[in-house]
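For reference, the structure is listed below as C-alpha cells.
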2 protein chains.
Amino acid sequence: MANDTAHTATLVEVAAAARVSVSTASRAFNGRGEANRISASTISRVQQEAERLRFQPSQLARSLQSQRSGLIGVIVPDVSNPFFAAIAREVTVQAEAHGLSVLLADSRETTSVEIKLLGELQSRRVEGLVVCPVGEESQHLVHVDQVVTPIVLVDRCFTGLPLASVHSDNVHGAKQAFKQLLTHGHSVIGCLQRLSGTLPNEQRLSTVRNEMQQAGLVLDDSLIAGDNFTESSGYESAKLLLASRPDVTAFFAFSSPNAFNALRAAEEVGRSVTDDLSLVAFDDSPFAEFMQVPLSTVSQDLQRLGRTAAEVVLKQLKTGKKPRKRTHSFPVKLNPRQSIQDNQT
Amino acid sequence: MANDTAHTATLVEVAAAARVSVSTASRAFNGRGEANRISASTISRVQQEAERLRFQPSQLARSLQSQRSGLIGVIVPDVSNPFFAAIAREVTVQAEAHGLSVLLADSRETTSVEIKLLGELQSRRVEGLVVCPVGEESQHLVHVDQVVTPIVLVDRCFTGLPLASVHSDNVHGAKQAFKQLLTHGHSVIGCLQRLSGTLPNEQRLSTVRNEMQQAGLVLDDSLIAGDNFTESSGYESAKLLLASRPDVTAFFAFSSPNAFNALRAAEEVGRSVTDDLSLVAFDDSPFAEFMQVPLSTVSQDLQRLGRTAAEVVLKQLKTGKKPRKRTHSFPVKLNPRQSIQDNQT
DNA sequence: CTGAAAGCGCTAACAT
DNA sequence: ATGTTAGCGCTTTCAG
C-alpha cells in the first residue's frame, strides 16, 4: 500500500507496519518471542505483517552481525566431470542438511584460478572449505588453512602437509588393477595418466613401476601418456602412444574418461579391445559393464569420499577443534570384467 | 605484532596500521586513490599494510552496503547427474568470468526442497537465478520472479508462464528418435520416461502418441514406465514393463540413465539389445558409441543450454531490462548407431 | 589530499 | 512486555 518498488521489505518496515520497535520485531519474527515474554498479540501481529510484506531477512546483514556466513566453499577442477560432480553433490546435500549453503567454484584444472577462487571464497567468509585441488602446488592451501579453517582436501592430496585430506587408497588400487594385467601375461603396458605430478597420479605410477620391477620388467617413459583429466588431450596422447609403441598389448587408464579415450584411439588405428589390446581403468561408470567389451575397473567410493569430507568440515565447525585423524584413506574395489584377456603375442 | 587471533584483518586495522582514516584506506586499497588525489606514498603505505595484515575485504560488508551480493543462485534436481552437472558448470564458469560467484543448491528432485532453497537463496540476496526446476509445480517460481529477477528456467520448463526459459526442442527430438523405431518395423514400443507430469516428459510422450497414431497404432499406458530421473527406479520400472509386456520389441528411453537401466533390466530377464530388443535414448554419453551395441541417441547441446541460461541472466543483470526473447529452444541431434534393428517378430 | 559521520539490515546488550 | 543503542565492516557523501 505504501511503497511499490521491487524492493524486499526490511525489518524496520515490518516493525513500522506492526507498530513495534525493530528489536521486538526481530525477536517476534525469529521465534524468540516467548523467551522474551512478548505478548502473543504482538507476536502474531509481527508475523502477519512479515508475511504480508513478504519479509525475507537479509542473510547478508545477519552474517555480518553474527560473524557467521553459513557458507561452505567447494572448489573442484571440473564440475562436469562425474567424479567431482559426485563429490560436490555429497557435500552440498550434507551442508544443506546442516543449514549451510554451498558456494561452488570451478578451478578449470588451473592452479592460478584455484588461488583466485580461494581468495574470493575467503572474502565471502566461508566457514569451511572442501577442495579438490588441482594438485600441482600446495603452499597456497597451507596458507589458506591459517585463515579459513576448517579446510579439507579431497582426491589430489599432498604428502607431508598439515592438512586434513580424504582420498582413496591409490597404491592398493593401482596394485590390484595392474596385477590383473601382469597375471594375464602382459608386459608392454601403456599408462594413461591424469595430471602428471599430482599425488594420486604419482602413486599409481610408482606402484606400476614397483610391480613391473618385481616382475623383472621395466616401465619405459615412452609408455606413459596423457597430461590431464580431460577427454581431448587423453585422446591425443593415447593415439601418440599407440603410434610410437605399436608393441603395447595393454593399457592401464588412470581415469574413466581416459579409458574411453583409449578405446576411441585404439579403434581409429585399427586395434581392438579385447582381441588385440587389454584395458583396465581407475574409476567405474554405470556404463562399464555394458561396453562393447565390459570394462574391468577399480572403483572409488565417491559417496563416501564426499560424505567424509563434509563430515570432517562440519564436525570441526561444530566442536571448534581439529580432529585427531587427519588423513582418511578409503579402499577401492576391483571390478573384474572382460576387458582383460591373455596376452597373445 | 599486535594481535594474533585467527582473525582476518579489517579495514580499520589496516587504516590504523597505515595511520590514515578508514575512508582513505578504503580508497587507496580499492584503486580509487588516484581519482581522489591521495598521495602516492599514502597509497603504497596502505597497500603494504593491507598485504602485511593479509587484509581480505569482507564481501559480506560490501554486499550489505552496495546492495549487491555478487551471487548467482543455481538450483538443480541432482548435481551428480551429468546432464545437470554440465549445466551447472557452464553457468558457474560464465558467472565467474563476470566476477560473480555461484551458490549451488540441489533440490533432490523434490519440489518442497526447491521451495525452501529458493527462499534461502533469496535471503542471501542472489542477483540472479538459474533453475532446473523439479517441474511438477510452477507457482512458487512465478512468485519468486517478482522478487528476484532475473530468473531463467532450464530444461523442465512450463507452458504459458511469463518466465524466461531455455530448453531443447523435445518435440522434434522425440519425433526423430521415435521415427527410427517405426521405420524399423517396431510397433510395440516401451517408453521409459523421466518425471511424469513435467513438460519435457509430456512433450516426448505426446509426440510418441502422435507418431503412433499417424502410423495407425496406439500407445497403451502399460507401455509407459518409470517415474523419474534416477537409476534405481528406472531399473525397477523397466523390469516391470518387461514382465507385463513381454511383447515389446523396442524401448525409447527418455534419459541416458534410463537407457542404461533398460539394458540392465533386459539382460536380467534374458533379452538382449539388439537381437531381441531395439533401443533409442534421449541424451548422449561419451560411452554410447562403445556400448555392447552402440547406442542410438538424440543428444542435447548441454553447453549451449547452460551458456544461454547464463547469458540471459547476465545480460539482464547488466542492462536491467527483461529481454524481448523469453523462450530459447535449441535443436537436438540424432546419432544413429546400432541399437536399433529391424523388428524380427 | 584527507577525515568524520552516516548508513546498509540485522541482532544483542542494556535499559525501562 | 517493549524500546534504545551500539555495532558488525565497509563505502560514500560531505567537509575541510
Side-chain angles (χ1 to χ4, degrees), chain A residues 3 5 7-47 49-50 53-71 122-125 127 147, chain B residues 3 5 7-46 49-50 53-71 122-127 147:
Chain A
N3 182 328
T5 32
H7 147 90
T8 309
T10 74
L11 234 207
V12 317
E13 297 175 301
V14 173
R19 303 198 287 119
V20 294
S21 71
V22 259
S23 40
T24 301
S26 171
R27 299 189 264 244
F29 182 78
N30 292 310
R32 260 172 299 109
E34 293 284 282
N36 291 71
R37 291 175 296 179
I38 291 182
S39 74
S41 70
T42 303
I43 295 184
S44 75
R45 198 153 22 95
V46 168
Q47 288 176 340
E49 292 302 318
L53 297 171
R54 294 210 164 78
F55 172 66
Q56 274 277 16
S58 164
Q59 195 54 49
L60 251 32
R62 278 186 170 171
S63 298
L64 182 59
Q65 125 80 27
S66 65
Q67 303 285 61
R68 299 210 40 204
S69 67
L71 253 25
Q122 222 178 112
S123 77
R124 290 194 185 276
R125 301 295 186 258
E127 298 182 35
V147 188
Chain B
N3 180 327
T5 33
H7 148 90
T8 308
T10 72
L11 234 205
V12 316
E13 297 174 300
V14 174
R19 302 198 287 121
V20 294
S21 69
V22 259
S23 35
T24 301
S26 170
R27 296 190 265 242
F29 182 78
N30 293 309
R32 260 171 300 109
E34 293 285 283
N36 290 72
R37 292 176 295 176
I38 292 183
S39 73
S41 71
T42 302
I43 295 184
S44 75
R45 195 151 25 94
V46 169
E49 291 302 319
L53 297 172
R54 295 210 164 79
F55 172 66
Q56 275 278 15
S58 165
Q59 194 55 48
L60 251 32
R62 278 186 169 172
S63 298
L64 182 59
Q65 129 78 30
S66 66
Q67 301 286 63
R68 298 210 41 201
S69 67
L71 253 25
Q122 222 177 113
S123 77
R124 290 194 186 276
R125 301 296 185 259
V126 293
E127 298 182 36
V147 189

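Just so it is clear: chains get the letters A, B, ... in the order the sequence lines come, proteins before strands, and each one is counted from 1.
Here D/dA1 is the nucleotide among D/dA1, C/dA13, C/dA4 with the atom lying nearest to any side-chain atom of A/Arg37. Comparing atom distances between the A/Ser39 side chain and each of D/dT11, C/dT11, D/dA1 picks out D/dA1 as nearest. Of the listed nucleotides (C/dT2, D/dC10, C/dT11), C/dT2 has the atom at the smallest distance from the side chain of B/Thr42.
The shortest distance between the side-chain N/O atoms of A/Ser21 and the OP1/OP2 oxygens of D/dT4 is not below 4.0 Å. Phosphate proximity of C/dG9 to B/Gln67: present, with a side-chain N or O under 4.0 Å from OP1 or OP2. OP1 and OP2 of D/dC10 both lie 4.0 Å or more from every side-chain N or O belonging to B/Arg62. Taking only side-chain nitrogens and oxygens, A/Asn36 never comes nearer than 4.0 Å to OP1 or OP2 of D/dT2. Side-chain N/O atoms of A/Arg32 include one lying less than 4.0 angstrom from OP1 or OP2 on C/dA12. Under 4.0 angstrom from either OP1 or OP2 of D/dT12 there lies no side-chain N or O belonging to B/Ser26.
Contact record, B/Val20 with B/Arg45: CG1-NH1, 4.0 Å, taken as the closest heavy-atom pair. Listed here is the closest heavy atom pair of A/Ala28 and A/Ile38: N-CD1, 4.3 Å.
A side-chain contact (heavy atoms from CB on, under 4.5 Å) with A/Thr8 is found for exactly one of A/Glu13, A/Gln56, A/Arg54, namely A/Gln56.
Across the protein-nucleic acid pair, A/Arg124 atom CZ and D/dG9 atom P stand 17 Å apart, rounded to whole Å. In this structure, A/Arg68 atom CZ and C/dC10 atom C1' are separated by 16 Å, rounded to whole Å. In this structure, A/Leu64 places its CG atom 17 Å from P of C/dG7, rounding to the nearest Å. Counting to the nearest Å, the P atom of C/dT2 and the CD atom of B/Glu34 are 12 Å from each other. For the pair A/Arg27 CZ and D/dT5 C1', the computed distance is 12 Å after rounding to whole Å. Distance B/Asn30 CG to D/dG9 C1': 12 Å, rounded to the nearest Å. Per the geometry, CD belonging to B/Gln56 stands 14 Å off C1' belonging to D/dC10, to the nearest Å. Computed from coordinates, the B/Leu11 CG to D/dC8 C1' distance equals 13 Å when rounded to whole Å.
The closest side-chain donor-acceptor pair between A/Thr24 and A/Ser21 falls under 3.5 angstrom. With hydrogens and angles left out, the side-chain atoms of A/Ser39 and A/Thr42 include a donor and acceptor closer than 3.5 Å.
Looking at heavy-atom distances under 4.0 Å, A/Phe55 makes contact with sugar-phosphate atoms alone, never a base.
Nearest-nucleotide mapping onto DNA chain C: of B/Ala61 and B/Thr24, the residue sitting toward the 5' end is B/Thr24. Nucleotides of DNA chain D nearest to A/Ile38 and B/Gln59 differ in position, and the one nearer the 5' end is that of A/Ile38. Residue order along DNA chain C, read from the 5' end via each residue's closest nucleotide, puts B/Ala25 first among B/Ala25 and A/Val12. Each of A/Ser23 and B/Thr10 lies near DNA chain D, and the nucleotide nearest A/Ser23 is the one positioned closer to the 5' end.
One donor-acceptor pair, N or O on each side, does fall under 3.5 Å between the base of C/dG7 and the side chain of B/Gln65. Applying the 3.5 Å distance criterion, the base of C/dG9 shares no donor-acceptor pair with the side chain of B/Arg125.
The number of heavy-atom neighbours closer than 6.0 Å to CZ of A/Arg19, taken from other residues, nucleotides and ligands shown, is 12 or below.
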